[in-house]
Number of protein chains: 2
Amino acid sequence: MSMDTDTSRPKYELVADAIDRRAGELNPHDALPSERELMQQLNVSRMTVRRAIEQLVRRGLVYQVHGSGTFVADPAVVTKTLHLTSFTEDMVQRGLTPTTTVLSSATTQATAEVARRLGIQPGDEVFCLERLRLADGSPMALERVHLPPLGIDFATIDPATSLYAQMEARGWTVERAAQTIEAVNLDHTQARALDQAVGAAALRVTRVSFNDAGQPVEHAMTIYRGDRYGYDLVISRHAG
Amino acid sequence: MSMDTDTSRPKYELVADAIDRRAGELNPHDALPSERELMQQLNVSRMTVRRAIEQLVRRGLVYQVHGSGTFVADPAVVTKTLHLTSFTEDMVQRGLTPTTTVLSSATTQATAEVARRLGIQPGDEVFCLERLRLADGSPMALERVHLPPLGIDFATIDPATSLYAQMEARGWTVERAAQTIEAVNLDHTQARALDQAVGAAALRVTRVSFNDAGQPVEHAMTIYRGDRYGYDLVISRHAG
DNA sequence: AAGTGGTCTAGACCACCGC
DNA sequence: CGGTGGTCTAGACCACTTC
């Protein structure tokens, strides 16, 4: 196979790509070559083939039946699994252009609720940021973010751009996030900021993000306009 | 180790349990024994140890740092990853008692939208079920479910109990589901059924469920009372 | 340099499916 | 029965962190 030019990516990913390409030429529910065949054709060990297929199964591209074979899945949904995206990434993915208006930005003391969610003490210094997020120029969401004091100089944060990107750049990689999604009626202030009628339905998404060590690195509360925003997700039984 | 009495469960799960127990005795961010140590102590190969740890990483119980070690994660959230549950399971998990009132139940012809989502032709026979779901006796959600004609005799379905359980029993295992969550204002009919004010905010969850071959096996639209229901989920960057 | 996790191999046996 | 995926082993080398 033509994998000998790439040294940076692990072999099982290259194998996964190769199998994926082959699956693309077949119809749904067609059988793929057996693992032992693939292993010979691609000149890798069976474990590498299995690891590659494991990825494809998780992505919903193929499925396996014990004793029978590996088959191409029906592509009904597939794609867009669920990525843990920032507002910026989310809007870009929907084909919209995101912009941001900073409403306030300050270092304050954590309230009891914020402290509890961030695993710190009430009164500890936190960075609080309130922003209006727009898509294609019109208001999409109101957002209030709290960052815990984890060794970052709050003064160096640019409140107008993607926080996730800035966190990544400083080695804060977000690995997991817990969210609660609720439906609320907009009050006067929110309605005015979002250019909506008072009482209009909106989504309130409350999120705490964690790094891979399970430490909270962000708390965010976002209110999305109900008429412009829907929350899409694909749940799979595995992978959890 | 004491794994010699169990033959039904794969060894890597038993190893995962053993490592999990050991992690439970440590504090967050404490180091676990290295993979090579565990492999000797538990008398298994390294691949089995790694596969066990891989599960624990996905569950958020431990984390690994290349070149450094495997550590106990901060248990901040952990648990309740995201299960793909039915209304019944969901309510039980919240400590509520679910009951159901069947509003209508009939075999009809698929509308264009339902047909598109279920991957069938408009006009094909589908089973349509409308139910009011209650928790601890008070209304929680309004639900409309469509089932495609996949070889099940619709007449044998009990509309008053969990559809997921009945589907499982007939070998329809749901493997994946795509959902859209939106915020809506209740109209008169919905408000009356849910014992809410007209215009109150509610969550509308639209779901298509798939088996492991990617075939749609259910389409459901559910409207949850906004004052009683929130949608919790944990997103992890991996496992997708 | 020593120790850690990350990748990969070659081979084995088991459990399940279909003929 | 032969072929399939599912599990497991023993060993190797690489990449990275820590000292």
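Hydrogens, waters and symmetry mates are skipped; everything else that's a heavy atom, side chains included, is used. In what follows, chains carry the letters A, B, and so on, assigned in the order in which the sequence lines appear, proteins first and then strands, with residues in each chain numbered from 1.
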*Nearest-nucleotide 5' precedence on DNA chain C, A/Tyr12 against A/Ser68*: A/Tyr12

*Once you round it to whole Å, what is the distance between P of C/dT9 and CG of A/Leu38?*
14 Å

*Taking atom P of C/dT7 as reference, at what distance in whole Å does atom CZ of A/Arg51 sit?*
4 Å

_Rounding to an integer number of Å, can you tell me how far A/Leu14 CG sits from C/dG6 P?_
19 Å

*Hey, does B/Arg36 reach any base, or is it just sugar-phosphate, or nothing, if we go heavy atoms under 4.0 Å?*
base

*Where do A/Leu96 and A/Ala135 come nearest, in terms of heavy atoms and distance?*
CD1-CB, 3.8 Å

_Nearest-neighbour nucleotide for the B/Lys11 side chain, C/dA10, D/dT9, C/dT7 considered_ = D/dT9

*Which of the following nucleotides, D/dT17, C/dG5, D/dT9, is nearest to the side chain of B/Met47?*
D/dT9

*If you draw a 6.0 Å radius around CD in B/Gln40, do more than 12 non-hydrogen atoms from other residues or ligands fall strictly inside?*
no

*Can you tell me how far P of C/dC16 sits from NE2 of A/His66, to the nearest Å?*
6 Å

*Select base, sugar-phosphate, or nothing to describe what B/Glu37 touches, counting heavy atoms under 4.0 Å on all strands.*
sugar-phosphate

*asked:* For a quick test of reading the model: is some side-chain N or O of B/Gln64 closer than 4.0 Å to OP1 or OP2 of C/dG6?
replied: yes

*Quick one: B/Arg50 CZ to C/dC8 C1', roughly how many Å, whole number?*
11 Å

_If we check salt bridge (charged side-chain N to carboxylate O under 4.0 Å, His left out) with A/Glu218, which of these qualifies: A/Arg207, A/Arg117, A/Arg176, A/Arg144?_
A/Arg207

*Just how far is it from atom CZ of A/Arg131 to atom CG of A/Leu129, taken to the nearest 0.5 Å?*
4.5 Å

*When you check the phosphate oxygens OP1 and OP2 of D/dG3, does a side-chain N or O of A/Ser34 lie under 4.0 Å from one of them?*
no

*asked:* Below the 4.0 Å mark, does D/dT4 have OP1 or OP2 next to a side-chain nitrogen or oxygen of A/Thr70?
replied: no

*Between atom CZ in B/Arg46 and atom P in C/dG3, what is the gap in whole Å?*
14 Å

*Strictly by modelled atom types, are A/Glu130 and A/Ser105 linked by a side-chain donor-acceptor pair under 3.5 Å?*
no

*Atom-to-atom span, CD of B/Gln40 to P of D/dT9 - whole angstrom*: 14 Å

*Under 4.0 Å: is that the gap between some side-chain N or O of B/Thr48 and OP1 or OP2 of D/dT9?*
yes

*How close or far is atom P of D/dT9 from atom CD of B/Glu35, stated in whole angstroms?*
14 Å

